[in-house]
Each structure stands twice: as C-alpha cells, then as structure tokens.
There are 2 protein chains.
Amino acid sequence: MKRTIYDVADAAGVSIATVSKVINGTGRISDKTRKHVVAVMDRLQYKPSMVASALTGKSTYTIGLTIPDLANPYFAEIARAVEDRGHEHGFNLFICSTDNDPEKEDRYFSLLTQKRVDGIIVATRTSKELFLKQLVQKKVPIVLIAGEMPALALDTVMVDDYLGGYQAGSHLVELGHRRIAILAEDLDHISNQERIRGCLQAMRDHGVAIDDSLVQVGGFTLDSGRTAATSLLNGSEPPTALFACNDLLAIASIQAAREQGLKVPDHLSVVGFDNTILATMIDPSLTTVAQPIQEIGRQAVDLLIQEIRNEKSIKQRAVLLPELIIRQSSAAIEP
Amino acid sequence: MKRTIYDVADAAGVSIATVSKVINGTGRISDKTRKHVVAVMDRLQYKPSMVASALTGKSTYTIGLTIPDLANPYFAEIARAVEDRGHEHGFNLFICSTDNDPEKEDRYFSLLTQKRVDGIIVATRTSKELFLKQLVQKKVPIVLIAGEMPALALDTVMVDDYLGGYQAGSHLVELGHRRIAILAEDLDHISNQERIRGCLQAMRDHGVAIDDSLVQVGGFTLDSGRTAATSLLNGSEPPTALFACNDLLAIASIQAAREQGLKVPDHLSVVGFDNTILATMIDPSLTTVAQPIQEIGRQAVDLLIQEIRNEKSIKQRAVLLPELIIRQSSAAIEP
DNA sequence: TTGAAAGCGCTAACAT
DNA sequence: ATGTTAGCGCTTTCAA
C-alpha cells in the first residue's frame, strides 16, 4: 500500500537513483525525465520517507524543545515562537514539558537522542548539568534559552534580567515609592537573582533604603504567589509598591491586594515581568518588563540551525534587552 | 563516534542479532549473555536508533497534534494534556500550529506523513476535509478533538457543546436575566453553533424571549471581541447578561463593560466557556462552562493508540460532559 | 541459545 | 544523463 521509491522508479521506467535525484534536486537529469518523474510521483501520491533518508545520514529536520510546562502561557508563547521559526526552515518540533523534574528531563533527552533530533533547545532550569554534558559530549547541537550555564560553553539566548529588574525598580522609585517589595518565584534560579539584584540596585542608586524582609519567594502557582504576597502586605510597615519576577506572580499580588481591600494602583503599584498575554487581560492592565519572546525563539532556532549545519566555529551568547511597558497597575504614590 | 549495534556486538563478543534480542526482550537468550550485553551497552552509553528501528517497520512512537495556535491558553492546555498522556505511553509529540490556515495545515500533514508519525490528533477546525480524507485513505490513524466531521467516520473526542450552552443559559435565566446576549467566535464552526443553540433553548424553555440582534460574532482576538461586545452593550435595549463562547471573549466582554462604566456582575453578568487558567486570573473571577481538558487529551491519546495498535475495529465518538463553574462574574439581576 | 543474512527506503559514490 | 550498488542501523526469519 505504502509507496516507495521503487514504485515510482518502476512506474516511471527509470532507476531509483534517478528518482532520488529529482527528489533532492541533485545530480543532472534532463528536464524531460524530471518532469515525467515528478508527474508519476504526484499520480502515485508518493512522499519520500524521511525515516529512510535520515538513516542514510541526512538530517531528520526535527528539533526538540524542553520547557517546564507548556500550559504556562510564557512557555507556550516561547514554544510557539520556536515552532514558527523552525517551521520556516522546514523543521518540526518535539515538545517536552519537564515540570522541572530532572528524571523527566533525562527521559526526554534520552528519547530525543534516540530519535536523532538534529538539535535541542533547552528552556528548562536544569539543575543537573550532567545531562547537558552528556549531550554536548555526544555532539548534539544545543541552544539554551533564558538560563545561564556558567560551567558549560553553550550557545545561549537570554534576556538581560538585571536590566529588566533595574527598569522595574527605577520606574517604581521614580513614581515616588520608597517601600518596594519584591516577589521572586525561586531564589535558586539565576535569572530571578538577577532581576532582584537589578531592582535593588535601582533603589540604591536612587537612595532608597533596602529592607530585606521585603524580598520574598512566591513559588510557581497563583495560589502560592497570593499567599506570599499577602504576608508581604500584612507586614508592620507594608510596601507601597511590588515588583514581581513574572506576570503570574504579579497577578497573584494584585489578587492578594484586592483581598486586603487595597486598590491597585492607588494603594499598591505592581510591576511584572515577561509581558505575556495575561498582562493585557487583567484589570488593571499590568505594567511589566517585556521579554522579546518572538525574538528569543527566532534567535534560538537560528543559532541551533547554524550549529546543525556546522556553520559556527565558536559558541556565542545573545543577550536581548527587555523593555518596560507601562500600563495601569503602577502609579505615583499617594501624597 | 556514534555507537551502533555493531559496536555493542563487537565489544560483547556476540552477534548483532543477540544484541537486538536483548534490546527488545525478544527471542531466548541466556541470563548470562543478557546481563553481559546490558553491561556493555551501559558502558558504551549505547542508545538504539529509533530511526533505524522505524525503518524496519516498527512504530516511530511519535504522534502529531494540529491546533490553531499554541499561544492560545486553551490549546496550550489541550496540548499539555495530550503530551502527558502520550509520554506515559512512550510517545513524543509534534506540535503543529496552523492558524487555521489550510495551506499550513496541509504542509504539516505532509511533513507528519513523511516522518511516518504513528498517528495524528486533529484539533483544528479543518474546513478542508480533503486533507483528512487523504490521510484516512493512507490509513494514518486519526483522532479528532472538539469538532465534528459529519462526512467522515473518524474517532472523535468532543464535549457536549449544546449542553454547555444550555447550562450557561439556564444559569443566567435562573438569576433573573431576560435580556441575554451571546458572543460567538465564529458562526461557521459547529461547536459555536451548538453552544448558541443550547443557550437559546435554555432561554426558550424558561419562557425568555429571544432577540436575534443580541447574538454577535466576536472573532479570535481580545480586541475584536471587545469591539463586538461594546456594540452589543451600546444597543438601544442593552443586555443584562452575556454568554461568551470562550473565556477569551468573556474577558473581552468584561473589559468592554468596564470601559462603558458597567460593573460586572452588578450591571452585567458574564459567563464564559472552557475554564482555562484565565478564568481564575481575572477580576471578577469568571463563571464559565468547564471543559474537561485533561480528560479530552487523555481519551484522544488512548483512542489513537488503540487505533495504532489495531485494537479497534469500529470508530467511536466520546462525548464528554461540561460542567458549569460558578464564580463571581455572574449574579442575580438588580431588582 | 546464538548467529548469518535478507531486507526496510533511501542516498551517494562510481560506472556506464 | 542515467543506472548499479554498497551502505545507513536495526529487526527478523531461518539455520546451526
């Protein structure tokens, strides 16, 4: 039932080599034969098997993307950007949600390897550099998104988290805020650390005192974020502004504020990070540090493809700059 | 550099047939040899190539999922559910966002075919049954999600849209509403038609008059939805309640209401559909008809795998029931 | 219990 | 300009 190159060759009265050549546009074949073969392929609805062609050493035109969770809008948007750019180059995308579980991640890496993907884009926060090392050792092209891997020389696309934090902090200070809380998702991850560091530095640069008790961890869920934000707002000397290290936590903070009877931005200014679709959905719309998600996906894929094609001799790190988008969740402090 | 079954055979001093047998657990081999071979495979970090094994006729353990847009939270959640269930069975997932563009869809189908995926889950609103027919003809296992394909006998997992609409309508009527608007995303698609039909029927069953001018199309974006909702709210005899055919449109409606100085739910009750993560994020939290997204993904994968394994003789349609989740965006009509 | 050998569908020299 | 043929890494009879 399934058509093979032999069927086409037979039907066209030529050799399989000739068919292969017209498929790939290689070698030299007369216009006449080419057209004839193409016609026969059409008639037979023949589609060359990429499995077979991959076995002969050609590319699989497949890449893998590991992310913590596809249901998280930020990563869904990243994935979409990667998918689109990949598709433009004829690549298909394997999605791998790891929930930041090292075992799951390892299993995915293993599968991707066995399926001979051409390369992998890693957007997970791998604590286990071990797995990556193995891949590197096996010469699997890899590009990292939004995470640093100081011990490994890998192509990386990242956002300047420090600058983003600095922008958020400056914005709030310039609005007159002096007590600024920070809600991180996870202090272990370097991107969070940098966002915090940037925000604190902005405060320092503007002569604002820093209160360590105002920096808290909000976790990965709306619920945990709301809890953390609530405790922040219930302190003895509550903040008038809050910088959340991602949009989800920012929304959790707004919800917490509302529960405490605090109006945003009147009583509390909130700034997020990421600029996911969520930022425009909520009320008040969210002032947030925008990551150039499309560009991140595009550059990650482009780097990976260069790597795959062996067009690169050295690794590089692309640092993209974030941009503060001012919406309605931040305002000048009440007089 | 890359290890093959030959390397393992050599290193273990056995034939490749033996190695193959221990990999697959087939044939009979002494415990001694098995252990020895396993040890050698470990030492060599050997991973069998699924490309080669697929070429010999075995499954690729890969499925494709076509959706309109991965960046849309509803489809991201569906994709995550499909991914998870597939992963439990050792399948990897190719993501294909088509933007409902028939050409893109066709291109994806073509690629998936060439890569010999074991099956495809289709969650796009294919206007072109043509492509599906070709796949069916080629005996590619297919499962449809959330869309009807009356002309084709295909395994399908769907939600009872009519019932969902009915639940939404009943809820609003029981709250005392008499002027109920409906915002659809696209009247061409049957699931929207059914949701509307259900809502209207609920109104009729409760003796509520139906005003056709209160049914409008809101499109696929927040912006277009807000525009449509605005015009709905600006009519001569504005509605006191609105049923949106998905959460995105519901949110757009709430935004439109706010822009008009209308409070939700005080002046306007809003009910959505899908129960995506968005529903809990906005204020007021959204009353919405919940789709059992996990279950949809699970059943779609299970059906597909049965199909792949040839364990099914007849096609079937799984109709899952939606459930109304009452939150804060709907309330009894003002006296 | 193990191995030899014939494919799977395609590519890429190398001939012709 | 076209065809012959030897792999690619694995599975699977069929012998031994």
Side-chain angles (χ1 to χ4, degrees), chain A residues 1-38 40-41 44-62 110-118 138-139, chain B residues 1-38 40-41 44-62 110-118 138-139:
Chain A
M1 203 63 248
K2 202 127 249 168
R3 305 300 192 170
T4 77
I5 200 172
Y6 287 94
D7 299 327
V8 176
D10 283 357
V14 297
S15 75
I16 60 165
T18 302
V19 178
S20 175
K21 278 166 194 155
V22 349
I23 291 171
N24 299 293
T26 54
R28 27 190 89 272
I29 18 161
S30 72
D31 227 53
K32 188 158 160 281
T33 354
R34 181 198 318 285
K35 281 185 181 133
H36 178 222
V37 171
V38 168
V40 172
M41 293 199 298
L44 264 44
Q45 294 199 49
Y46 166 76
K47 304 268 185 202
S49 158
M50 297 192 74
V51 171
S53 110
L55 188 57
T56 73
K58 298 193 75 167
S59 167
T60 54
Y61 285 99
T62 299
S110 185
L111 278 169
L112 293 177
T113 308
Q114 291 192 236
K115 294 196 176 165
R116 301 291 186 262
V117 297
D118 295 327
K138 288 188 179 170
K139 309 235 185 281
Chain B
M1 204 60 250
K2 201 129 252 168
R3 306 300 191 171
T4 76
I5 200 172
Y6 287 94
D7 300 327
V8 177
D10 283 356
V14 297
S15 76
I16 60 165
T18 301
V19 178
S20 174
K21 277 165 194 154
V22 350
I23 291 171
N24 299 292
T26 54
R28 28 189 91 271
I29 16 164
S30 72
D31 226 54
K32 186 157 163 280
T33 347
R34 183 199 317 286
K35 281 186 181 134
H36 178 221
V37 171
V38 168
V40 172
M41 293 199 297
L44 263 45
Q45 295 198 47
Y46 166 75
K47 305 269 186 202
S49 158
M50 298 193 74
V51 171
S53 108
L55 188 57
T56 72
K58 299 192 74 166
S59 168
T60 54
Y61 286 97
T62 299
S110 184
L111 278 169
L112 293 178
T113 308
Q114 290 191 234
K115 294 196 176 165
R116 301 292 187 261
V117 297
D118 294 328
K138 288 190 178 170
K139 308 234 184 283

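Residue numbers begin at 1 in each chain, while the letters A, B, ... track the order of the sequences. These numbers were taken from a predicted model, which means no experiment stands behind them.
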Could you give me the CA-CA distance, side-chain angles and deciding distance for B:Lys35 and B:Val38, then say whether side chain to side chain contact (heavy atoms under 4.5 Å, CB included) is met? CA-CA 5 Å; B:Lys35 281 186 181 134; B:Val38 168; 5.6 Å; no
List the steps and the verdict of side chain to side chain contact (heavy atoms under 4.5 Å, CB included) for A:Asn24 and A:Lys58. CA-CA 12 Å; A:Asn24 299 293; A:Lys58 298 193 75 167; 3.5 Å; yes
Minimum heavy-atom separation for [X] and [Y], please, with both atom names.
| X | Y | value |
| --- | --- | --- |
| B:Ile5 | B:Val19 | CG1-CG1, 3.6 Å |
| B:Leu55 | A:Val51 | N-CG1, 3.8 Å |
| B:Asp118 | B:Tyr61 | OD2-N, 2.6 Å |
| A:Thr4 | A:Asp7 | N-OD2, 2.8 Å |
| B:Ser110 | A:Lys47 | OG-NZ, 3.2 Å |
| A:His36 | A:Ala12 | CE1-O, 3.1 Å |

Could you tell me the boundaries of the chain B footprint on DNA chain C, defined by atoms under 4.0 Å from its heavy atoms?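 Boundary nucleotides touching chain B, in 5' to 3' order, are C:dT1 to C:dG9.
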Trace of the side chain to side chain contact (heavy atoms under 4.5 Å, CB included) decision for A:Tyr46 with A:Ile23: CA-CA 11 Å; A:Tyr46 166 76; A:Ile23 291 171; 3.8 Å; yes
For residues 20-34 of chain B, which residues have at least one heavy atom under 4.0 Å from DNA chain C?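 DNA chain C contact set from residues 20-34 of chain B: B:Lys21, B:Arg28, B:Ile29, B:Ser30, B:Thr33.
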Neighbours of DNA chain C within residues 9-16 of chain A, by heavy-atom distance under 4.0 Å: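 Correct list: A:Ile16.
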Over 12 non-hydrogen atoms of neighbours within 6.0 angstrom of NZ in A:Lys138: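 Result for NZ/A:Lys138: enclosed.
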Point-to-point distance, once rounded to the nearest 0.5 Å, from CE of B:Met50 to CD of A:Gln114: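 The CE atom of B:Met50 sits 6.0 Å away from the CD atom of A:Gln114.
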Any side-chain heavy-atom pair of A:Val14 and A:Lys21 under 4.5 Å: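 The answer is no, as the side chains (C-beta and beyond) never meet within the 4.5 Å cut-off.
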Inter-end axis angle, the helix from C:dT1-D:dA16 to C:dT16-D:dA1, with every axis fitted to five base pairs (rounded, 10 degrees):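 The angle separating the two end axes equals 40°.
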Using side-chain hydrogen bond (donor to acceptor under 3.5 Å, both in side chains) as the criterion, list what pairs up with A:Thr33, not counting sequence neighbours.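 Scan of A:Thr33 (side-chain hydrogen bond (donor to acceptor under 3.5 Å, both in side chains), adjacent residues dropped) gives A:Ser30.
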Opening and closing nucleotides of DNA chain D in contact with chain B, under 4.0 Å to non-hydrogen atoms: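 First and last nucleotides in contact are D:dG9 to D:dT12.
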Could you tell me whether a side-chain N or O of B:Thr62 sits under 3.5 Å from a main-chain N or O of B:Thr60, the two making a donor and an acceptor?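 Present.
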Apply side chain to side chain donor-acceptor pair (under 3.5 Å) to A:Ser53 and A:Thr56, showing your working. CA-CA 5 Å; A:Ser53 110; A:Thr56 73; 5.4 Å; no
